[in-house]
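These numbers come from the heavy atoms of this one structure, side chains and all, not from hydrogens, waters or symmetry mates.
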Amino acid sequence: MTNLRDQLHRPLRDLRISVTDRCNFRCQYCMPAEVFGPDFAFLPPDKILSFEEIERLVKIFVSLGVKKVRITGGEPLLRRDLPKLIERIHRIDGVEDIALTTNGTLLKKYASDLAKAGLSRVAVSLDSLNEGRFFQINGHRGKVKTVLEGIEKAAEAGLLVKINMVVQKGVNGQDIVSMAEFFKDKQHILRFIEYMDVGNSNGWRMNDVVSKKEIIDQLHQVFPLQAVEPNYKGEVATRYQYLDDTGEVGVISSVTDSFCSTCSRARISAEGILYTCLFATEGTDLRELLRTEADDATITQCISEVWENRNDRYSDERNEQTMEKRKKSKIEMSHIGG
Ligand code: SAM
Ligand code: SF4
Ligand code: SF4
C-alpha cells in the first residue's frame with residue numbers, strides 16, 4: 001500500500017461508489033420532480049460501470065490506501081443483483097468495511113442477502129415519521145411504514161443500522177425530537193444532516209438550514225446530551241451521548257461546522273467518473289480508461305495523480321466564496337451519491 005497524500009496531506013481511505021443514477025424517490029432536496037421528470041435522460045445501461053469494472057477499480061483503490069467502501073446512488077437497491085457486487089467487494093483483500101446508503105424502500109427484500117454477501121453496515125435515510133410530511137418530502141413516492149420494515153429486517157439480518165435525517169427549516173424541523181425519541185428506544189443511531197447546497201437543482205438557501213447548534217439545543221432540552229470524542233479521525237458526524245445512557249446521536253454539519261481537513265473520501269459516479277469532493281464541478285473519466293484497455297498500472301498512476309493534486313475544501317470555503325463561483329455547475333447528489 002502506498003502512502004498517498006493530497007495537497008493538504010490527507011490520505012485516501014474511503015471510496016464511495018454510486019451504482020445507479022436512478023431513484024424511486026424524488027426528494028425535493030436531491031432530485032426534485034420538476035427537474036427529474038418523465039423525460040429526464042438517465043444513463044443508458046452501457047454507460048454504467050459493470051460489476052467487473054467496479055471490482056477492478058476497488059482493487060486499485062485498495063492498493064492506494066482505501067479501507068472502507070460505501071455503495072450509494074441514486075437508489076443503490078434499484079441496481080439488479082446488488083448483493084453479487086457486495087460479494088465481489090467483500091472478497092477483496094484489504095477491504096475492512098462495506099456500507100450501503102439507501103432510502104430503505106427495498107431493504108426488507110434484500111437485507112438478508114446483503115448481510116450474507118458481506119455488507120457490514122447500512123445507513124437508511126428517513127426524514128420524518130409523519131406519513132404526510134414524509135410523502136411530501138420524497139415527492140409522493142414512499143411510506144414511512146415501508147422504510148421502518150426495511151430497518152427492522154436489516155437489524156434482524158445482523159447489519160449495523162444508522163438512520164440519516166436531512167433537516168430543513170419549515171419542512172421537518174419539528175420532527176427532530178420525535179425522531180430522536182423513536183430511534184433512541186430502538187437503539188439505532190440517528191444522524192441529523194444539515195441541508196447542503198449540493199448540485200444545482202434544489203434551490204438551496206442558507207435560511208433553510210437548521211444548524212448543528214439549533215438541532216442539539218432543541219434535543220438537549222428534552223433529552224440531555226453530552227458531546228463525545230469521535231470513534232476515529234475523520235468521522236463525519238459529531239457524536240453526542242444521551243446522559244441517561246440510552247445511546248447516542250450524531251450531527252453531520254458540513255454547512256456550519258465543516259470537516260474538510262480530515263476528508264479522506266473519493267467518489268465514483270455510476271458512469272465511472274472520479275470526483276474528489278461532493279461539491280466537485282469536474283472529475284476524471286475512469287470508464288474511458290477501463291474500456292480502452294489501459295493496464296492496472298496506468299489506472300493506478302492516473303488515480304494517484306488525481307489524489308496528489310487534490311486540494312478540495314469546498315465546505316470550509318463556502319462562506320468565503322463569491323456567488324459567482326458557487327453558481328458553477330456542480331454534480332448532482334443523485335449522480336455522485338451522498
Ligand atoms: N438514495 C439513497 C438515500 O437516499 O439514502 C442514497 C443516495 S442519497 C443521494 C445519499 C444521502 O444524501 C441521503 O442520506 C440523502 O438524504 C442525502 N442528501 C441528498 N441531498 C442532500 C442535501 N441537499 N443535503 C443534505 N443531504 C442530502
Ligand atoms: Fe433518491 Fe436518495 Fe436522492 Fe432521495 S436522497 S431522491 S432517495 S437519491
Ligand atoms: Fe470532503 Fe469536499 Fe465535503 Fe470538504 S466539502 S468534506 S473536501 S467532500
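A donor-acceptor pair under 3.5 Å is formed between the side chain of Thr292 and the backbone N or O of Glu288. Within the 3.5 Å criterion, the main-chain N or O of Ser253 finds no donor-acceptor partner in the side chain of Thr256. In this structure a side-chain-to-backbone donor-acceptor pair under 3.5 Å is present from Ser120 to Ile98. Within the 3.5 Å criterion, the main-chain N or O of Val144 finds a donor-acceptor partner in the side chain of Glu131. A distance-only check finds no donor-acceptor pair linking the side chain of Ser258 to the backbone of Cys260 [under 3.5 Å]. Remark: the backbone N or O of Tyr29 is not paired with any side-chain donor or acceptor of Trp204 at under 3.5 angstrom. For the pair Glu214 (side chain) and Ser211 (backbone), a donor-acceptor distance under 3.5 Å is present. The backbone N or O of Ser125 sits nowhere less than 3.5 Å from a side-chain atom of Asn103 that would complete a donor-acceptor pair. In this structure a side-chain-to-backbone donor-acceptor pair under 3.5 Å is present from Asp21 to Leu43.
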Practice prompt. Decide yes or no on side chain to side chain contact (heavy atoms under 4.5 Å, CB included) for Leu57 and Ile268, but give the supporting numbers first.
Written response: CA-CA 10 Å; Leu57 284 180; Ile268 303 175; 3.9 Å; yes

Discussion item. As a quick check of understanding, evaluate side chain to side chain contact (heavy atoms under 4.5 Å, CB included) for Leu159 and Arg121, giving each step before the final call.
Written reply: CA-CA 5 Å; Leu159 295 169; Arg121 298 183 293 126; over 6 Å; no

Worksheet entry | Stepwise side chain to side chain donor-acceptor pair (under 3.5 Å) test for Asn172 and Ser128 | CA-CA 7 Å; Asn172 61 344; Ser128 177; over 6 Å; no

Discussion item. For a side chain to side chain contact (heavy atoms under 4.5 Å, CB included) check, start with the C-alpha distance between Cys277 and Arg310, then their side-chain angles and the critical distance, and finish with the verdict.
Written reply: CA-CA 9 Å; Cys277 181; Arg310 172 187 193 240; 5.6 Å; no

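Smallest separation of non-hydrogen atoms from Ala266 and Phe61: CB-CE2, 4.2 Å. Counting all heavy atoms, side chain and backbone alike, Ser50 lies closest to Arg291 at N-NH2, 4.4 Å. Nearest heavy atoms, Arg265 versus Val236: NH1-CG1, 3.1 Å. Nearest heavy-atom pair across Ala237 and Arg191 is CB-CD, 3.9 Å. Considering every non-hydrogen atom in both Ala157 and Ala115, the closest pair reads O-CB, 3.5 Å. Taking both residues in full, the closest heavy atoms of Glu235 and Pro230 are given as OE1-CA, 3.4 Å, listed atom of the first, atom of the second, then distance.
One distance of note links CG of Leu12 with OG of Ser304; it measures 9.0 Å at 0.5 Å rounding. The CG atom of Asp6 sits 11.5 Å away from atom CZ of Arg313, with the distance rounded to the nearest 0.5 Å.
The aromatic rings of Tyr314 and Phe279 lie parallel to each other, their planes meeting at an angle below 30°, with 60° marking the opposite boundary.
Phe51 and Ile17 fall within a single hydrophobic cluster, where Ile, Leu, Val, Met, Phe, Trp and Tyr side chains are chained together by heavy-atom contacts under 4.5 Å. In this structure, Ile163 is a member of the same hydrophobic cluster as Val222, with clusters built from ILVMFWY side-chain heavy atoms closer than 4.5 Å. Residue Leu100 is grouped with residue Leu78 when hydrophobic side chains (ILVMFWY) are merged at heavy-atom distances under 4.5 angstrom, including chains of intermediate members. Cluster annotation: Leu126 is not connected to Phe135 through the hydrophobic network of ILVMFWY side chains, with a link wherever side-chain heavy atoms come within less than 4.5 Å.
In this structure, the side chains of Thr102 and Leu107 come closer than 4.5 Å at one or more pairs of heavy atoms. In this structure, the side chains of Thr105 and Phe25 come closer than 4.5 Å at one or more pairs of heavy atoms. Glu75 is not listed as a side-chain neighbour of Arg22, based on a closest heavy-atom distance of 4.5 Å or more. Residues Asp93 and Val62 form no side-chain contact, since every pair of their non-hydrogen atoms from C-beta on lies 4.5 Å or further apart. Here the side chains of Val161 and Val124 are in contact, with some heavy-atom distance below 4.5 Å. Taking 4.5 Å as the limit, some side-chain heavy atom of Leu278 sits within range of a side-chain heavy atom of Met196. Lys162 has its side chain out of reach of His188: every pair of non-hydrogen atoms, C-beta onward, lies at least 4.5 Å apart. Side chains of Asn24 and Arg141 form no contact here, defined as non-hydrogen atoms less than 4.5 Å apart.
For the pair Lys184 and Tyr242, the cation-pi test (distance below 6.0 Å, angle within 45°) is passed.
Applying the under-4.5 Å side-chain rule to Ile, Leu, Val, Met, Phe, Trp and Tyr, the cluster around Val228 consists of that residue alone. With side-chain heavy atoms closer than 4.5 Å counting as contact, directly or through intermediates, Ile189 stands alone and belongs to no larger hydrophobic cluster.
Looking at Lys169 and Asp208, no side-chain N of the basic residue comes within less than 4.0 Å of a carboxylate O on the acidic one, giving no salt bridge. Comment: Asp97 does not engage Lys67 in a salt bridge, judged by the lack of any side-chain N to carboxylate O separation of less than 4.0 angstrom.
No hydrogens or angles considered: nothing links the side chains of Asn138 and Arg26 as a donor-acceptor pair under 3.5 Å. Side-chain atoms of Gln301 and Glu305 include a donor-acceptor pair closer than 3.5 Å. Between the side chains of Glu194 and Gln168, no donor-acceptor pair of N or O atoms lies under 3.5 Å. Under the 3.5 Å distance criterion, with hydrogens and angles disregarded, no donor-acceptor pair is assigned to the side chains of Tyr275 and Asp312.
Partners of Tyr240 under the ring-ring contact (aromatic ring centres under 6.0 Å, His included) rule, at least two apart in sequence or in another chain, do not exist in this structure. Under the salt bridge (Lys or Arg N to Asp or Glu O under 4.0 Å) criterion, Arg80 pairs with no residue at all, not counting sequence neighbours.
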Distance-only check: which donor-acceptor pairs under 3.5 Å involve side-chain atoms of residues 148-155, not counting sequence neighbours?
{"unit_1": "Glu149", "atom_1": "OE1", "unit_2": "Lys108", "atom_2": "NZ", "d": "3.4"}
{"unit_1": "Glu149", "atom_1": "OE2", "unit_2": "Lys145", "atom_2": "NZ", "d": "3.0"}

Would you list the atom pairs, donor with acceptor, under 3.5 Å between side chains in residues 81-92 and any protein atom, with sequence neighbours excluded?
{"unit_1": "Arg88", "atom_1": "NH1", "unit_2": "Glu55", "atom_2": "OE1", "d": "2.6"}
{"unit_1": "Arg88", "atom_1": "NH2", "unit_2": "Glu52", "atom_2": "OE2", "d": "3.1"}

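For NE2 of His9, the number of neighbouring non-hydrogen atoms (other residues, nucleotides, ligands) closer than 6.0 Å is 12 at most.
Tested against Arg239 for a side-chain contact (heavy atoms from CB on, under 4.5 Å), the candidates Val251, Asn231, Val249, Leu225 yield a single pass: Asn231.
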